[in-house]
Trainee: 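Okay, handing you the structure first.
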Amino acid sequence: MTGTTQEARDIVLRLDGITKRFGPLVANDAISLTLNRGEIIALLGENGAGKTTLMNILFGHYTADAGQVEVFGKLLPPGQPRAALAAGVGMVHQHFTLADHLTVTENILLGTQPLWQLGLGLGVARDKIARLSADFGLAVHPDAKVSALSVGERQRVEILKALYRDARILILDEPTAVLTPQETDALFETLKKAVARGLSIVFISHKLHEVMAVADRCLVLRHGKLVAERDTHQTSGAELAALMVGGAVPELSPSTAKPGAPLLMLSRVTTPDAEAAPGLKDVTLTLRAGEITGLAGVSGNGQAALSDLIGGLIRPESGTLELAGATVAAWSAHDAILAGIARIPEDRHKTGTIADFSLTENAILERYREAPFSRKGWMNWGAAEGFARDIIQTYDVRCPGPDARIRLLSGGNMQKLILGRVLEPGPKVILANQPVRGLDIGAITFIHSRLIAARDAGAAVLLISEDLDEVLKLSDVVHVIYEGRLSPGFARGSMGPADLGLWMAGQGFDHAA
Amino acid sequence: MSEIFDILLTASFWAATIRIASPLIFATLGELICERAGVLNLGIEGIMVIGAFTGWVAVYMGAPLWWGVMAAMVAGMAFGLLHATLTVPFGLSQHVVGLGVTLLATSTSYFTYRLMLPQVTSPPKIEPFQPLPIPGLSDIPLLGEALFSQTALTYAAFVLALVVALVLYRTPLGLALRAVGENPAAAAAQGLSVTGLRMGAVIVGSGLMAVGGSFLTLSAFSSFFFEMVNGRGWICIALVVFGAWRPGKAVLGAILFAAFDALQVRLQQTGIGAIVPYQVFLMLPFILSILALVIMSRRAEVPAALMQPFNKGER
């Protein structure tokens with residue numbers, strides 16, 4: 001037995017020269033990699049580096065323009081998820097692919113049996129699911145409807161789906177993006193159990209400390225190219241970050257805040273529950289001038305209600321709102337804008353911009369009825385375009401020009417335009433809801449530094465984010481929101497991620513006033 | 001009020017209710033299958049017309065009654081194929097395509113009918129399905145006449161409801177069908193063909209709608225005439241919502257609507273009918289159905305991907 005055949009047997013997955021183009025964009029440029037039995041490799045890269053595209057090719061969602069995929073020594077036919085599944089590849093998507101109105105068992109069973117068969121064999125399936133749950137530490141109720149599950153539980157169902165099909169290779173696309181630190185730890189335990197049983201794992205992430213904690217090897221993608229490969233114990237977070245960005249990463253170190261007068265005060269505010277998310281429950285919150293208040297929490301715990309309330313989209317059921325000392329009774333979105341509340345919406349595509357409007361039109365979306373953009377009921381497009389040009393220049397928005405439709409812009413440039421739109425008028429309160437989600441490091445640094453600059457200029461900033469690292473880095477005070485209730489404020493540096501994680505999971509609220 | 005109770009106690013009222021419900025059950029189940037797979041089929045009204053016409057023509061030309069039913073089903077499936085091709089792989093607006101199919105199927109039927117019988121004023125009759133009393137069961141007082149002295153096609157409607165329910169909830173095919181209506185991306189990720197499943201559902205569902213239409217000519221009226229479907233297709237769309245996309249509840253809804261319909265005809269003959277204009281009675285089943293719909297469907301779980309086209313590999 002020679003070394004080479006030994007090695008060949010241990011390679012479970014081989015990608016060879018994968019190239020994929022979307023129009024002029026080369027998403028994957030001749031990428032080759034291998035995965036060994038019982039190994040966790042991390043695929044690192046910024047958004048748009050091509051990680052997800054590569055995995056979608058491996059899984060057969062996309063067809064590569066060139067290159068081939070080999071699983072357990074056999075060539076995989078391109079463009080066939082069924083073939084990938086049959087070969088033992090299981091994928092846990094970033095956006096879960098579960099049907100909400102079906103039960104856990106039904107979701108797991110889906111597609112595992114021949115269609116033309118009488119009976120579903122639910123009993124047998126339940127037994128197998130129970131066994132897998134126990135073996136891999138993936139507790140979930142088999143008869144619960146998916147719509148009733150938490151995000152962490154849904155992810156467990158996704159993993160169970162792959163294991164149920166006897167997957168030998170698991171691909172996890174940004175699995176920790178939506179988890180609390182405790183849930184992340186539990187996930188890593190599961191992955192270690194899986195590897196101990198001889199499974200192999202591809203872990204896609206851009207969170208370096210997680211990669212360092214869990215992966216054996218790291219592969220770094222940048223602009224569609226595989227730029228580096230490192231053993232985890234021979235590299236550092238700083239080196240990987242530099243490789244991802246293609247240069248040294250600027251460090252952001254906010255100066256100490258100088259908190260001023262309270263600008264926006266919520267006293268004992270309660271809002272009605274929405275269909276999918278809870279409303280606020282007796283929330284008291286003070287946003288001070290010159291201070292960044294961070295709001296941590298798993299999504300769907302009342303963040304939407306809070307930002308809609310401050311943005312003027314909903315009204316409190318009880319409790320009061322005070323802006324700069326004056327109680328605000330009725331409060332519409334338009335009033336909020338005029339009162340100096342700047343909103344960076346959670347979803348820049350859905351509520352932040354109108355995709356087929358030009359940059360100019362999007363730039364004045366919040367103020368088109370005000371001077372100088374309109375006078376006596378007539379638009380002044382000259383003033384509007386001038387405003388858009390100012391933003392493009394000041395906020396470094398890379399675009400063909402103010403007349404271009406905003407849908408042509410990348411997420412980062414779109415977000416910079418929104419940032420300019422709300423910061424230029426000099427707002428009192430800035431409501432930044434997930435301001436950097438899905439952006440690359442360059443854009444993130446830019447937007448964070450602008451928020452800090454606005455703080456130093458005397459604005460009160462409320463930063464809502466699911467990314468605990470972001471909240472901890474920027475916030476002078478941190479609150480945790482859980483099922484519509486707000487934790488006490490914690491000063492910068494007084495709480496670590498693990499402490500906040502407990503609050504995010506709901507612990508501590510029972511004792512807090 | 002006593003008139004209503006008198007009517008409710010007659011076997012003929014219940015027999016009529018079940019008879020009126022039968023075509024609705026076929027077509028509602030057909031629509032339910034389409035919608036469970038994520039496709040709203042507004043072609044239903046026209047497909048019922050083409051079913052009524054094709055079934056009648058086949059029998060008029062000398063085919064046995066069951067062949068007429070099969071012919072109707074094939075015609076319905078052909079229009080289903082048209083609908084499915086335009087809405088599933090091409091991803092066109094399901095509203096526009098559905099209304100187009102309804103217009104096309106209806107006018108094709110009327111046009112062909114006129115070509116075949118240019119001079120006729122009173123529509124020619126065929127020999128329809130005869131009642132088929134089930135030995136033993138049909139002797140039960142009241143119930144026997146109401147439920148077990150119907151035509152074979154009516155029995156088939158109820159058996160079909162059971163089959164559809166079993167397939168939907170007890171087989172992998174049903175699970176796959178529900179999944180493409182809830183989250184097609186999830187189904188595709190499990191290696192299922194969303195296009196194939198949705199097209200199959202629309203074609204089979206359209207076949208059932210056409211069978212519902214053929215019930216009108218082959219079991220109820222024994223001839224074909226213009227406007228005979230008369231909005232039954234649209235009622236079935238409402239019945240699917242009423243039944244919260246569940247076959248059992250949808251059948252109950254069809255029976256409820258049919259009961260109102262049977263009731264209003266009989267009420268017209270009573271003392272109330274002498275005072276109240278008959279148009280009010282005609283409105284009754286629709287008004288009561290709207291009320292029932294409002295009450296019943298408030299907590300219904302709509303298939304999450306209803307009316308959402310699915311394109312593989314789109315970014």
Side-chain angles (χ1 to χ4, degrees), chain A residues 20 22-23 25 27 48 52-53 56-57 59-63 78-87 89-93 95-103 105-122 125 145-147 154 157-158 161-162 164-165 171 173, chain B residues 32-33 35-38 162-201 203-204 243-246 249 297-306 308 310-315:
Chain A
K20 174 76 182 173
F22 292 104
L25 175 78
T52 302
T53 303
N56 275 328
I57 287 169
F59 198 68
H61 285 317
Y62 300 154
T63 311
Q80 292 177 24
R82 194 179 275 278
L85 286 166
V89 181
M91 183 151 175
V92 176
H93 293 82
H95 305 287
F96 301 146
T97 56
L98 298 172
D100 277 359
H101 294 159
L102 303 185
T103 66
T105 307
E106 285 176 331
N107 266 291
I108 293 173
L109 268 181
L110 181 64
T112 58
Q113 298 157 316
L115 287 182
W116 307 102
Q117 167 188 314
L118 290 175
L120 271 172
L122 284 175
K145 279 201 176 171
V146 166
S147 54
R154 286 177 202 216
V157 179
E158 282 279 357
K161 239 163 78 176
Y164 187 88
R165 288 168 172 269
I171 302 164
D173 191 359
Chain B
L32 187 144
I33 292 171
E35 292 192 20
R36 267 300 173 109
L162 191 67
V163 171
V164 170
L166 284 176
V167 169
L168 269 185
Y169 293 105
R170 292 274 183 272
T171 68
L173 179 66
L175 178 59
L177 210 63
R178 285 184 288 140
V180 295
E182 288 291 339
N183 186 344
Q190 296 310 308
L192 295 167
S193 162
V194 176
T195 308
L197 281 160
R198 283 189 163 177
M199 286 191 72
I203 292 169
V204 169
W245 289 269
R246 290 169 174 274
K249 278 189 176 175
S297 62
R298 294 184 61 181
R299 301 175 64 92
E301 284 178 349
V302 188
L306 185 61
Q308 286 175 13
F310 177 74
N311 287 318
K312 200 179 161 211
E314 204 173 67
R315 275 171 56 118

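Since this is a predicted model, take the numbers as computed values, not measurements. Order of the sequence lines fixes the chain letters, A, B, ..., with proteins taken first and strands second; residue numbering starts at 1 for each chain.
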Trainee: Select, from Leu197(B), Leu166(B), Leu192(B), the one with the greatest count of heavy-atom pairs under 4.5 Å involving chain A.
Mentor: Leu192(B)
Trainee: Who wins among Ala179(B), Ala185(B), Ala189(B), Gly181(B) for the most heavy-atom pairs under 4.5 Å with chain A?
Mentor: Ala189(B)
Trainee: Checking Arg36(B) side chain against Trp245(B) main chain: does a donor-acceptor pair fall under 3.5 Å?
Mentor: yes
Trainee: Taking all atoms of both residues into account, what is the closest heavy-atom pair of Ala176(B) and Leu115(A), and its distance?
Mentor: CB-CD2, 3.6 Å
Trainee: Minimum heavy-atom separation for Val146(A) to Ala99(A), with atom names?
Mentor: CB-O, 3.8 Å
Trainee: For a quick test of reading the model, state the closest non-hydrogen atom pair linking Lys20(A) to Thr53(A) and the distance between them.
Mentor: CG-CG2, 4.0 Å
Trainee: Using non-hydrogen atoms only, which part of His93(A) is less than 4.5 Å away from chain B: side chain, backbone, both, or neither?
Mentor: side chain
Trainee: Taking side chain as everything from C-beta outward and backbone as N, CA, C, O, which of these in Leu109(A) sits under 4.5 Å from a heavy atom of chain B? Side chain, backbone, both or neither.
Mentor: both
Trainee: Heavy-atom distances under 4.5 Å only: say whether Leu110(A) touches chain B with side chain, backbone, both or neither.
Mentor: both
Trainee: Please indicate whether Arg165(A) has more than 12 foreign heavy atoms, meaning atoms of other residues, nucleotides or ligands, lying under 6.0 Å from its CZ.
Mentor: yes
Trainee: Indicate yes or no for a side-chain donor-acceptor contact from Arg178(B) to the backbone of Leu168(B) under 3.5 Å, with no hydrogens or angles considered.
Mentor: yes
Trainee: Using heavy-atom distances under 4.5 Å, tell me whether Val302(B) contacts chain A through its side chain, its backbone, both, or neither.
Mentor: backbone
Trainee: Taking every heavy-atom pair that is under 4.5 Å apart, which of His101(A), Gln113(A), Gln117(A) has the most such pairs with chain B?
Mentor: His101(A)
